[in-house]
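Below: one structure, written as structure tokens.
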Amino acid sequence: MNAAPDITRYRKHWAERFGAAPFLPMTRAEMDALGWDSCDVILVTGDAYVDLPSFGMAIVGRVLEGQGFRVGIIAQPDWHSADPFTALGRPNLFFGITGGNMDSMVNRYTADRRLRSDDAYTPGGIGGKRPDRSVIVYAQRAREAFKDVPVIIGGIEASLRRIAHFDYWSEKVRRSVLLDSKADLLVYGSGERQVCEIAHRLAAGESIDDLTDVRGTAFVRKARPPGWIEIDSTYLDEPGPIDPHADPYAMAPQPATEVPSPERAGENVVRFVRRVKNADRERSVIRMPAYEQVAADPVLYAHASRILHMEANPGNARALVQRHGTVDVWLNPPPVPLTTAEMDWVYERPYQRRPHPAYGEANIPAYKMIRFSVAIQRGCFGGCSFCSITEHEGRIIQNRSEASILREVEDIRDRVPGFTGVISDLGGPTANMYRLACRSRQIEAACRRPSCVYPGICPNLDTDHAPLVQLYRKVRELPGIRKVLIASGVRYDLAVESPEYVKELAQHHTGGYLKIAPEAISEGPLSMMMKPGIGAYDRFKALFDRYSREAGKEQYLIPYFIAAHPGTRDADMLELALWLKRNGFRADQVQAFLPSPMASATAMYHSGKNPLKRVRRDGGDVPIPKGLKVRRLHKAFLRYHDPNNWPMLREALRRMGRADLIGSGKHQLVPAYQPPGTGTAHEGRRGARPGGHAGKRPAPFRTQHTGLPRTPRR
């Protein structure tokens with residue numbers, strides 16, 4: 001992995017003389033008060049502007065401010081015209097566009113494609129304040145407002161749509177969002193390293209068209225530049241016999257050993273090769289099947305998804321290219337992860353830690369839920385196929401220092417209104433990956449495994465939880481801190497490697513309930529999810545219960561499950577329902593699988609193939625629970641105790657030859673009788689609590705399994 005410039009050591013832009021703004025301005029009046037005649041960068045977001053390092057635009061804005069640039073924010077603009085996009089004038093460098101902390105389609109629609117009435121990132125929690133596919137709409141309006149200003153898109157919505165992707169809401173493969181938005185550049189991943197480089201290079205006079213070498217970006221090219229070696233992705237991972245698709249723009253591939261004849265020497269001859277010397281890797285690009293091919297052929301779509309995930313390690317990833325009509329969408333390798341010093345600098349910008357004053361006393365639910373929590377890490381090496389954390393943040397854990405985290409906790413204690421001494425979370429995408437990494441940097445840079453913990457924990461992975469235990473202890477010893485809770489999901493197969501951590505968690509950092517996510521118990525769905533078997537849950541539960549009893553506490557685990565995930569059959573859901581009943585769980589929160597863009601499980605959903613292995617046309621088929629009827633049935637199995645679901649379950653049990661499970665016995669699932677006034681299935685929710693205790697529904701930004709974890713998405 002090449003070294004990257006330290007983002008804390010750039011020479012500051014001249015506008016640094018204006019100093020830090022109390023809040024990044026949202027109006028011309030605020031700009032005038034700061035003495036600004038213009039903004040260098042204007043950020044447009046689908047969220048309300050909360051100046052807190054759990055909100056992506058606040059981080060990007062403060063990071064750019066720390067580089068000396070003047071940054072304005074247009075939050076939740078009226079997208080029906082370009083006028084709101086002119087509110088702060090013409091930016092000197094670029095517009096930065098994001099849909100917000102959540103993908104706008106996930107934000108606006110349920111897994112059953114029903115329109116949501118609320119939005120946790122909007123004042124008052126009101127829904128409808130952002131458009132569908134916000135990145136596309138905002139980018140087009142920004143272009144209308146100022147045609148000559150570069151438009152750069154980013155955040156989780158753009159990041160997960162950087163190539164041709166299956167869109168669950170329209171049930172078709174869509175083009176790269178880069179083309180539909182008509183943006184100049186797409187930044188994928190968290191983005192701080194990229195936006196710093198882009199801003200400084202544009203300020204130095206470079207054209208946006210020249211910024212084709214920034215890692216973690218995607219852009220459009222009409223042809224492959226000279227000197228590059230092109231590798232056909234099907235040579236790397238042959239998907240089996242492929243029916244050729246007519247493509248008038250495709251160049252005929254030449255054998256790797258062919259030397260262009262003199263009369264053809266000037267042509268852009270494609271060199272498709274199987275292997276590339278290490279010295280040539282940085283000048284090699286992998287050509288994936290074109291958009292037109294993957295849109296027409298689900299097997300090629302699964303193949304392209306596999307190639308994208310194989311080329312995800314910043315230590316060895318190569319550039320990718322995908323043809324869309326007459327142009328190529330070119331993806332540079334992922335960005336180099338931030339160092340601990342850079343992470344500290346990012347999280348210690350002068351955040352006000354509250355919403356912009358323009359919102360007055362309005363309640364922003366996401367802020368209310370997260371204002372007392374601290375992000376201690378980024379990234380996830382779990383590789384769960386249904387989750388998009390790795391595709392966005394990467395699998396290499398980026399850690400903050402202990403000292404920086406302690407300073408933020410003290411800042412919350414001293415400055416955030418309403419603080420009562422309880423830190424609501426110390427975590428990230430996963431609670432317990434802090435300081436965990438490969439034992440060898442060389443092995444890490446060369447590794448191409450999608451997960452460090454599946455099918456078992458890699459022997460090269462350091463699973464020592466001691467630094468995290470020490471951090472927990474130091475935070476709770478701070479004056480004024482009464483309690484530190486852990487709300488991020490605990491990776492329990494890792495936790496059992498450190499009983500001391502489980503003891504610390506159970507005896508000091510659990511408020512009665514602790515959420516964990518087995519997701520399923522049968523091998524079929526678990527293998528498609530890349531999740532551990534239920535034995536790991538049992539071992540964790542035994543430790544958790546033991547240490548809770550030793551502390552004299554009555555505490556419970558809340559297991560979370562996904563209904564209708566690829567690889568799940570009706571029999572698997574029946575097995576899970578019986579397990580829930582046997583263990584005394586009654587789910588009051590149930591989540592159906594939502595195929596988010598770019599996730600491996602989404603490729604399964606669309607193609608019926610397993611991209612976790614080499615994709616074949618003549619094998620590797622995965623059972624896919626599709627259609628509203630089967631999805632509702634799978635959710636009903638999780639809520640077996642709800643009388644409204646009993647008619648559906650009785651019908652399914654008879655069809656499956658398991659009528660013996662209908663009755664009032666302890667071993668039976670549903671009774672034969674039907675209480676008056678019941679029988680109409682209704683929406684369930686996601687978690688399971690012992691004894692049927694009702695629980696608070698987690699806010700969207702705490703849902704780990706739609707690819708939208710708690711930490712900010714830029």
Side-chain angles (χ1 to χ4, degrees), residues 53-54 347 369-380 382 389 397 399-400 402 404-406 408-409 412-413 419-436 463-478 481-518 536-537 540-541 543-548 550-551 553-560 589 686-690 695-699 701-705 709-712:
S54 291
Y347 280 89
M369 288 287 291
I370 212 165
R371 57 185 168 162
F372 304 136
S373 68
V374 179
I376 64 175
Q377 67 195 50
R378 279 190 198 162
C380 180
I389 294 171
I397 305 302
N399 308 284
R400 295 175 62 186
E402 187 180 86
S404 175
I405 295 165
L406 293 173
E408 182 170 351
V409 172
I412 292 172
R413 177 197 64 193
F419 183 65
T420 61
V422 179
I423 296 295
S424 59
D425 189 24
L426 289 178
T430 306
N432 57 317
M433 289 186 182
Y434 182 68
R435 299 282 181 92
L436 302 190
T463 60
D464 182 13
H465 284 56
L468 185 56
V469 171
Q470 177 178 286
L471 174 65
Y472 286 177
R473 291 172 178 171
K474 288 192 175 183
V475 171
R476 70 170 187 262
E477 288 171 1
L478 288 174
I481 303 302
R482 295 191 298 108
K483 185 80 173 177
V484 179
L485 298 173
I486 303 303
S488 297
V490 174
R491 186 82 194 200
Y492 54 86
D493 52 343
L494 281 174
V496 296
E497 297 292 309
S498 176
E500 182 187 18
Y501 172 75
V502 181
K503 181 177 182 179
E504 191 78 12
L505 190 66
Q507 297 190 347
H508 299 284
H509 301 283
T510 301
Y513 297 105
L514 179 71
K515 65 178 184 180
I516 59 173
Y537 166 85
F540 178 81
K541 184 178 187 303
L543 287 172
F544 182 82
D545 290 347
R546 170 188 161 191
Y547 293 130
S548 294
E550 287 181 3
K553 295 184 176 183
E554 184 179 357
Q555 299 185 142
Y556 301 96
L557 296 180
I558 308 174
Y560 284 64
Q589 298 176 340
R686 187 174 182 268
R689 289 181 182 268
K696 183 184 292 184
R697 181 183 182 184
F701 49 86
R702 293 192 181 275
T703 300
Q704 204 175 349
H705 312 293
R710 185 198 63 78
T711 47

Legend entry - Side chain S488, main chain G428, donor-acceptor under 3.5 Å: yes

Legend entry - Separation of L505 CG from F544 CZ (nearest 0.5 Å): 6.5 Å

Inset, instruction - Taking all non-hydrogen atoms of both residues into account, name the closest pair between S404 and R400 and its distance. - result: OG-NH2, 3.0 Å

Legend entry - Donor-acceptor contact below 3.5 Å, side chain Q555 vs main chain A506: yes

Inset, instruction - Decide yes or no for V469 and K503: does some side-chain heavy atom of the first lie under 4.5 Å from some side-chain heavy atom of the second? - result: no

Legend entry - Distance in Å, I481 CD1 paired with T420 OG1, rounded so as to fall on 0.5 Å steps: 9.5 Å

Inset, instruction - For the pair R413 (side chain) and F419 (backbone), establish whether a donor and an acceptor sit closer than 3.5 Å, ignoring hydrogens and angles. - result: no

Inset, instruction - Please confirm whether the backbone N or O of T430 pairs with a side-chain atom of Q377, one donor and one acceptor, at under 3.5 Å? - result: yes

Legend entry - Atom pair CE (M369) and OG (S54), whose distance is rounded to the nearest 0.5 Å: 12.0 Å

Legend entry - Non-hydrogen side-chain atoms of P53 and E408 separated by less than 4.5 Å: yes

Inset, instruction - Report yes or no: does K553 contribute a side-chain atom to a donor-acceptor pair with the main-chain N or O of G512 at less than 3.5 Å? - result: no

Legend entry - Side-chain donor/acceptor of N399 to backbone N/O of R435, under 3.5 Å: yes

Inset, instruction - Begin from the C-alpha positions of Y434 and I405 and carry the test side-chain contact (heavy atoms from CB on, under 4.5 Å) through to its verdict. - result: CA-CA 12 Å; Y434 182 68; I405 295 165; 3.9 Å; yes

Legend entry - Nearest-0.5 Å distance, CG of residue L436 to CZ of residue R491: 11.5 Å

Inset, instruction - Measure the acute angle between the ring planes of F540 and Y492, then classify it against the limits of 30° and 60° as parallel, tilted or perpendicular. - result: tilted

Inset, instruction - Using a 4.5 Å cut-off on heavy atoms from C-beta on, say whether the side chain of T510 contacts that of I486. - result: no

Legend entry - Distance (rounded to the nearest 0.5 Å) between L406 CG and E477 CD: 10.0 Å

Legend entry - Closest contact, heavy atoms only, G379 versus I389: C-CG2, 4.3 Å

Inset, instruction - State, with a plain yes or no, whether a side-chain heavy atom of L485 is found less than 4.5 Å away from one of D425. - result: no

Legend entry - Any side-chain heavy-atom pair of H465 and E500 under 4.5 Å: no

Inset, instruction - Look up atom OG in S548 and atom CG in L557, then write down how far apart they are to the nearest 0.5 Å. - result: 8.0 Å

Inset, instruction - Indicate yes or no: at least one non-hydrogen side-chain atom of Y560 is less than 4.5 angstrom from one of I558. - result: yes

Inset, instruction - Would you check if Y472 and L426 make a side-chain contact, meaning some heavy-atom pair closer than 4.5 Å? - result: yes

Inset, instruction - Report the C-alpha separation of I516 and Y537 in whole Å, then their side-chain angles, then the decisive distance to 0.1 Å, and conclude whether the side-chain contact (heavy atoms from CB on, under 4.5 Å) test is met. - result: CA-CA 9 Å; I516 59 173; Y537 166 85; 3.4 Å; yes

Inset, instruction - Answer yes or no: is there a donor N or O on one side and an acceptor on the other, between the side chain of N432 and the main chain of V490, under 3.5 Å? - result: no

Legend entry - Atom of Y501, atom of A495 and distance for their closest heavy-atom approach: CD2-CB, 4.0 Å

Legend entry - I376 side chain reached by L468 side chain, heavy atoms, under 4.5 Å: yes

Legend entry - Exercise: do H508 and R473 side chains pair donor with acceptor under 3.5 Å: no

